[in-house]
Structure formats: structure tokens, C-alpha cells
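I have placed the structure first, in the form of C-alpha cells, so that the comments after it can refer back to it.
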Amino acid sequence: MESRYAPKNIEKKWQDWWERENLFAVKEDPQKKKYYLLEMFPYPSGRIHMGHVRNYSIGDVMARFLRMNGYNVLHPMGWDAFGMPAENAAIKANTHPARWTYENIDYMRVQLKKLGFSYDWSREFATCDVSYYRWEQMIFLKMYERGLAYRKASYVNWCETCHTVLANEQVEGGACWRCDQPVIQKEMDQWFFKITDYVEELLDYTTRLPGWPERVLTMQQNWIGKSTGSRILFPLASGDGSITVFTTRADTLFGATFMSLAPEHPMVERLCRGTPQERDVLSFVERAKLAKRSDREAEFLEKEGVFTGGHCINPMTGETMPVYVANFVLMEYGTGAVMAVPAHDQRDFEFARKYGLPIRVVIVPQGSSEVPRAEEMDAAFEEDGVLVESGAFSGLTSSEARNAVTRALKEKGLGDFTVQYRLRDWGISRQRYWGAPIPIVYCEDCGIVPVPERDLPVVLPTDVALLPNGASPLPVHEPFFKTRCPACGKPARRETDTMDTFVESSWYFARFACADHHSAPLDLERVGYWLPVNQYIGGIEHAVLHLLYSRFFTKVLRDMNLLQIDEPFENLLTQGMVIKDGAKMSKSKGNVVDPDEMIEAYGADTVRLFCLFASPPEKDLEWSEQGVEGSFRFLSRIWRLVAENRQALLATQPFAGGNGLPEDLALLHRKTHQTIRKVTEDIRDRFHFNTAIAAVMELVNQIYQLLDSPGKGTQRDFWPVMREAVENMVLLVSPIVPHIAEELWSVLGHGGSVLNEPWPTWSEDALAADEVLVVVQVNGKLRSRIMVPADAGKEAMEQAALCDPRILEFIGGKQVKKVVVVPGKLINIVV
RNA sequence: GCCUGGGUGGUGGAACAGGUAGACACAAGGGACUUAAAAUCCCUUGCUCCACGUGGGCGUGCGGGUUCGAUUCCCGCCCCAGGCACCA
């Protein structure tokens, strides 16, 4: 054994050995308790970055820890391999997205192996493999059959730079989530997944996922944005028809004095046609549409609008109300029409003041008898209160009135209770090449025709020439789009859009349970054994997107009898970012740390150790080269510990327990068991690897202290106690730094992998001390520490404290009013 | 504006059930070994006062409260990060 710790000489050796021994492969085993541990799979962008290293180190510790604890652990890895960067890179480097992707995968797989992660590589797949996406196409067809996939024309988010449509979830503050360019609204035919069919269940389960972080659940709840209220019809003053609004404030209906429509509202055109305002209205609509979304940040966007020339009738008061188009009304929320109650809504208030529209107060604060004069108000009164000037409803509270008014409208057929969600259906069409083809054919006679299952897969052709502007080559690639109608056999055109890549990541976790299954998307039996994922680990950035889509897919697959679970991820850990100099690592900031360089300089174990030691997983991790050196120093320290004492350790057996140890050995024996408990609990219950590592460091410090003591080696049980401490230390660090652990374990004379060793257990006897240190306070201030027998009762402790000379000094003859005793911990004397 | 987190030494962070605040590490300073350096080891290290002691006072964003005792619980504020947001 070398005297110096040189990771280069051992890491590759053990990695090869693990591979040869097929150590990480798992099979279903009904005898054993299963545990499915999953980290979010990476996009094969070229190289692993520190965020991955951190994410996967956390996962690997858990996987190895659970395995040593007797679980049958599924720990797979794969590649989220479809997506635009491949296309963009391929255009730039004049290569093919497939080649670029698979080469990246080959490189990154090597990187992951160099880090020693315990993946069952036999289950690996990339989502761009035909053997994967063909099943996705089948799921699409099943969804189509059930009306869960449908095509409709709608305004969609279009990113000009990326040349494609984006889902609402992929628009951040009016800009594209990938390229940060402004998103415009474009009317297009698109495929949608009916996630809104599952909205109630998705929302409901957010209160039944105790293993998820609160803030992720809150974010999903916000995103779903449920709001209960009423639907109210306002008949047009002339001609047939009505305008429907959604409102949460039916109690304010008597105060509705005008109507506001979104610029895109279909009624706008009809109302203004032939009126003197027509020209003004249309030009306003044009301007408003342009301004939409592009300038979301403009918080003080002036509220503007124009009169359409039309009127509608307030269904309660029977009064005529002018209809306006207003730039602040959104077509995509509610019905695109808002009943304006200027006295009780700040936006309507400002709008009414600007255009001289009537303001009518119909709610006053509870207990107030005065009705404020509209002309004297300087802001709307938006709170709930009591109704006034509202006919038969006057005197009711807001919440009573919301019910009563809506019920009255319902009787007249002019309204009803309703629920509104912010969540829209998931638009999945992408006008890009590098994605899974949507298995649909368009026939002039038959219309939309799904590709029959027997004709799957619809293979994405690889012999295409990419277009320099990023637009998809599929619509101009004849061999692909030219086809025959599966129904009538006539020439037809294939759908050339591909699926959003979030579709692939919405069910990959299930496929890992049966990656080689080739007769159906999922193998019920194996999926039934492994799923749900017991622990999922990944970045917070997917709190809504990926995690919501995956929850939706799980429920869809369940209803197709492909899964038997309601939720995919039982426990979720969202790890923080890796930052450097206070900012997220990015090429533009030049603060990127390359994992390869770190492994080269310090070894994989050091990199893993640092990632886990520097901060608890949910917090951000500040990269520190000095911290990395500190981690390396610690590993060198445990290496030397074994190297320098190898002969003596090998010549003995670990201490098997028993009484009569001399004081210093008893102390180390106890420390060993304390450390086993601390590390076990920190990893198992809290994922707090940082404190687990700190505990082992304390143990190592104490081992060194004893090795430096004059009694070294002369006491009978010195080496047995030492060996017990060292061997347990190696086992305790093995999930974190597996290479050095394997090496030390074998140097200590063991065959086989540490991974197959049972996790150490602590003995309560070993933890028990004869005497314990308790603190003594006087008036809540720490004044002394005394040793008392571990089993000392309250009276005995109190007596001991009152005899302590330091304490007597502080009491100084004053009257003792009260003594609080916490057994084994503390005595507080109140004077 | 609403909703979540969070604020502890020079730094990363500990304190899991109200009970020794600052574990563990980094950095810094001093020392040992060495011709020298690296490596390693030892000591000091929240602030402050002094009679340098198992010493006193202060100290977990700020102000109150509950309690024998509060980083921890309650009330009111300030600041930082993230999410949502003309949502009707």
C-alpha cells in the first residue's frame, strides 16, 4: 500500500472491477424491499457540469446507503436526448443532430463512470432511440383515441429565433425559456394534450404529497390557479346574443356599469361593425395585440380602451351598459370579457375615471352605515363587506350575496356557479426536426387520420439536410411527408411537427423499470414492482414544467392500464444550484468549473465529497477550490490512518464489546457508535450529508488523538478498539467516497465490495456512559459544568449543582426561588 | 400586490423535540519538523472589557412578548432570494 493517497492509482481500478463484477445491476426480487431512486436524467449537451455532479452525487450516496441497508435499489440513468440544441449545434458544426447527440452521450457516459456512480447501465436508453419514442407514439395514439390529444387552431406562443411554438409553461415573463427572445402570438393549428381533464386531480394531490417540498407544491398550485366564481351572461342591447363573463365577485353585479372585452374577443368586430367607431376600434385592437406580451414588464402600462359602439344589459339592474375594448383584458383567462365594477375594482376604477364612466358603490365595509360618494373616492374598495343599493340583496354580506345573486341568475338562465383555472391544455406541437414525430396523417378526404399501431414507429428520417435558419426540414423532405392515407389509401401528407421534448421526460422513469420490453410501452409486472419512484432528485427549475407534466402522464397511463399508481414520485428532493463567486456558473460569466479538470486534479472521491460537505443539498453550493483541497486533505488523512497502522490493525480483530475498557478506549468505542448513529440518521432521515461527514471527521480526529497518546498499543484492547473505529469509519464513508472506501476495505483484509457489506449498526450499550456532563445555570446564564452519574435523579442533580463552589459563589447567599432540572442535561437555579 | 423560502463569526455551514450558540471545515495568525520548500503536526481565532481567570458583559436582521430559559414559539417591522401576477 502506498503511503500517499493517490486517487489516480485506485479509482479506475475499482470502476473496472465494479463493471466486471456487474455490481450495480438489479433484478426484481419479491423477497427484498424495493427502492427506486432516480435523479433527473441529463440533456446530452456535450459535457457533464457541476450541477449534474452534485445532483448525481446526492443520488449515489442514497443508492449505496440504501443498498447496504438491504434494499433492492433501482438506480438507472439515461438521456433526455431530443431537443433543439442538437439541431443548432449540428447546423453550426455541419454535422447531424443524431451524430452530435450520440457522440455526446458516449462522452458523458464515460464522465459519469469516472465519477463512480452506481447506475445499472443495462437499463440505459436515450429518448431519441426509436425503441423509446415508438412507444411514445403509441401512447399518443391511445391519447388520441380517448380525446386526450386533439388538434385545434389557437393563438400560440411563437419564438421567431427558435422557429417553433412554445407551451405556456415555457414562456417566462413574455420571453422564450431557451433563448430569452420575446415571444409573439401567432394563430396556428396545433396538437394539444388535455391536461385540463386532470386539473382537479392534479390540484387535489398537491395536498397529498407529504414527501414533496412545500414550495414546489405551492408553485404548482399557483400554476393551476383555481378560482371559484360565477359565469354571468349579459344580453346584447340590440340583436341576439350575449357576452359571458367570469367573475369571483357576483356580489358586485349591481355596481357593474360597463363591460370590457379583450382585443381578441370575437364580439369586438361584430359590435363595432358599421358604427362610427369602427375604424378607431380596429386600429386600437391592432395596436393592443402588438403590445401584448412583448412588454410584460411594463408594470405601469397605461390602461386604455375604446368604446365599441355596442351595449349590453346588466342582467340584474336591467340597465344598459356600454361595451369597451380594453388593453388589460386577457383573452386567455376566463372568457376574455370582464364586467367592470369601478367602485370595487382598482383597474375598472382607473378606467372609469379616465373615460368618464359611472361609478356606483354597492359594497360598504361591515358596520359602516355611510355610503361613500363616488366622486370623492380615490381608490376602489376591493374588500368584502355588506351590500347596499342592490335591490333585494341589500344588507347581505359579500359571501352570502355571491351565492344568492348567482342562484337568482341561474333561475333566469343568465348565469351559474363555475370554476376557472389558469392552467391551459398543453400544446405539444413543435415545428422542429429533432423530436419524436407525431403519428398522424392528413388526408384530403378523411381528414385527420391516426397512424395505425401496426405501422409504428413513424421513424424520424436521418437523411435530411438541415436548413440554416433552423426551420424543420421535414415539411420539405418528400420521402417523409409523402404517404398514403391509412384509411382510404389515397396519397396523403404526414404530420411534420414533432412532439415537445417534455413528452419524453414525462414517462421515462416508468420505462427504466423495463427498458428492454419490446411488445408494449411498459411491462405491467416489472413496472408494478418498481414504481412509484421512491425518491426523485433534481433541480428546482423543473418545479412546474417537467414535474407537472410527469404527474399528468402518470394519471393518463394509469387510466390506460399501463400503470397502477396515481403519482410518479413519492418523495422529491430539489437540490440547489452550484454557484461560483456568488453567481450561477455560466460561460458568459466565465466562472465555470469543469468536472473533468477537478477529477483529474483531485480524483472523483474528492469532488463528490466536496459537493456533499459544503452545504446541505437543498441549498445553493458555493464552489471553493480551497474547500476542495480541504476535502482532499481529509481523504489523505484517512488514507494515512490505514497506511501507517496497517500491520497492527491486520493483526487483530475488531473490538466485540464488553466492559472494563480503560477510559480513553471507552471514549473512542463510544464515539464510534455515536458516529454510526449520527451518520445513519443524517443520511436516512434528512439527506444532511454535510453533518454526517462532519461527524466522521470528528471520529477521525479522535482516532488520531488516541494514536498520539502515550498509551498507544500498550493496552490490551487498544488495537481491537482501533480496528472497530477504523473499519466502521470506512463503511460509513463508503457511499460518499466509494473508491477509497473499497481500497481501504480490501487493505484491511476483506474480499468483496463494501457495497455488499451490511450498513453498520450502533449498540445502545456502547452509547451509554457512566457519567455525563451537565450544565448549571443561575438565572438562565451558564455558570458551571459538572459531571454527574448518567442515571442521577433530579434531586441528586440539584444537590450536586448546589454543592458546586462556583455556583455557591453566584448564588451568593441569595434566596433560591426555584430549581429547574432537565435530567442528563441541565440545571437552572433561579434566585 | 399575493405565495413560498431565508437572514447565525472573516467564509461555507452546525445546533434534528425551547435547554452549553458557533460542531465540522475553509481562511487568517503564531509555532514545531526541514539547509529550504512542499507535505504533516500543534496552538489561537464571534465582539468587547479586565485583576488573564473553569473571569465579566454583549451577541443568531430589528422591536416587543411568552418562558426558569428563545437562533428555535407568538406579535409587529426591515432586508434578500425564488415563484405567480392587469387572473376579473
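Quick note on labels: first sequence line is chain A, next is B, and so on, each numbered from 1. Side chains included, hydrogens not; waters and symmetry mates left out as well; all remaining heavy atoms used.
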Listed partners of A/K814 passing side chain to side chain donor-acceptor pair (under 3.5 Å), at least two apart: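 Result, side chain to side chain donor-acceptor pair (under 3.5 Å) vs A/K814: none returned.
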Side chain to side chain donor-acceptor pair (under 3.5 Å) against A/T574, all qualifying residues, sequence neighbours excluded: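 In terms of side chain to side chain donor-acceptor pair (under 3.5 Å), with neighbours along the sequence ignored, A/T574 is linked to no residue.
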Side chains of [X] and [Y], donor plus acceptor under 3.5 Å:
X: A/Q346; Y: A/E350; result: yes
X: A/E764; Y: A/W762; result: yes
X: A/Q220; Y: A/T206; result: no
X: A/N728; Y: A/T672; result: no
X: A/Y333; Y: A/Q420; result: no

When you compare the protein's N or O atoms with those of nucleotides 37-48 of chain B, which come within less than 3.5 Å of each other, and at what distance?
unit_1: B/C41; atom_1: OP1; unit_2: A/R637; atom_2: NH1; d: 2.5

Can you name the side chain to side chain contact (heavy atoms under 4.5 Å, CB included) partners of A/T675, sequence neighbours left out?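 With sequence neighbours excluded, A/T675 shows a side chain to side chain contact (heavy atoms under 4.5 Å, CB included) to A/K671, A/V679, A/A695, A/V696, A/L699, A/L732, given in chain and number order.
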Kindly write out the residues that satisfy side chain to side chain contact (heavy atoms under 4.5 Å, CB included) with A/A6, not counting sequence neighbours, or none if the list is empty.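 By the side chain to side chain contact (heavy atoms under 4.5 Å, CB included) rule, A/A6 matches A/E2, A/N9.
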How far does the P atom of B/A70 sit from the matching atom of B/C58, given to the nearest Å?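 So the two P atoms sit 12 Å from each other.
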With C1' as the reference atom in both, quote the distance from B/U11 to B/G46 in angstrom, rounded to an integer.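 It works out to 13 Å between them.
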Does the base of B/C68 carry an N or O that pairs as donor and acceptor with the side chain of A/N828 under 3.5 Å?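 For A/N828, whose side chain was compared with the base of B/C68, there is a donor-acceptor pair (under 3.5 Å).
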Quick one: the side chain of A/K303 and the base of B/C86, do they pair up donor-acceptor inside 3.5 Å?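 Checked by distance alone, the answer is yes.
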Would you list the protein and nucleotides 54-61 of chain B atom pairs, both N or O, that sit under 3.5 Å from each other?
unit_1: B/G56; atom_1: OP1; unit_2: A/R783; atom_2: NH1; d: 3.3
unit_1: B/G57; atom_1: OP1; unit_2: A/R783; atom_2: NH2; d: 3.2
unit_1: B/G57; atom_1: OP2; unit_2: A/R783; atom_2: NH1; d: 3.3
unit_1: B/C58; atom_1: OP2; unit_2: A/K781; atom_2: NZ; d: 3.0

Under the ring pair (Phe, Tyr, Trp, His ring centres under 6.0 Å) rule, what pairs show up with a residue in residues 608-634 of chain A, not counting sequence neighbours?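 Those involving residues 608-634 of chain A are A/Y5-A/F632, A/F610-A/W623.
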Selection residues 676-699 of chain A - residue pairs positive for ring pair (Phe, Tyr, Trp, His ring centres under 6.0 Å), sequence neighbours left out: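 Pairs touching residues 676-699 of chain A that pass the test: none.
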Strand RNA chain B in bracket notation, Watson-Crick/G-U under 3.5 Å with | for pairs to another chain: (((((((..(((......[....))).(((((.......))))).(((((..).))))..(((((..]....))))))))))))....
Below 3.5 Å is the cut-off: list the nitrogen or oxygen pairs between protein and nucleotides 10-16 of chain B, distance only.
unit_1: B/G12; atom_1: O2'; unit_2: A/A614; atom_2: O; d: 2.6
unit_1: B/G13; atom_1: O3'; unit_2: A/N690; atom_2: ND2; d: 3.3
unit_1: B/A14; atom_1: OP1; unit_2: A/N690; atom_2: ND2; d: 3.2
unit_1: B/A15; atom_1: OP1; unit_2: A/R686; atom_2: NH1; d: 3.3
unit_1: B/A15; atom_1: OP1; unit_2: A/R686; atom_2: NH2; d: 2.8
unit_1: B/C16; atom_1: N4; unit_2: A/K678; atom_2: NZ; d: 2.9

Which part of the nucleic acid does [X] contact within heavy-atom distance under 4.0 Å: base, sugar-phosphate only, or nothing?
X: A/T247; answer: sugar-phosphate
X: A/Q777; answer: base
X: A/N701; answer: sugar-phosphate
X: A/V822; answer: base
X: A/G225; answer: nothing

Give every residue pair that meets the salt bridge (charged side-chain N to carboxylate O under 4.0 Å, His left out) criterion with at least one member in residues 216-227 of chain A, sequence neighbours excluded.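 Qualifying pairs, neighbours excluded: A/E200-A/K226.
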So which pairs with a foot in residues 203-215 of chain A pass salt bridge (charged side-chain N to carboxylate O under 4.0 Å, His left out), sequence neighbours left out?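 Applying salt bridge (charged side-chain N to carboxylate O under 4.0 Å, His left out) to every pair that reaches into residues 203-215 of chain A, excluding sequence neighbours, yields A/D204-A/R208.
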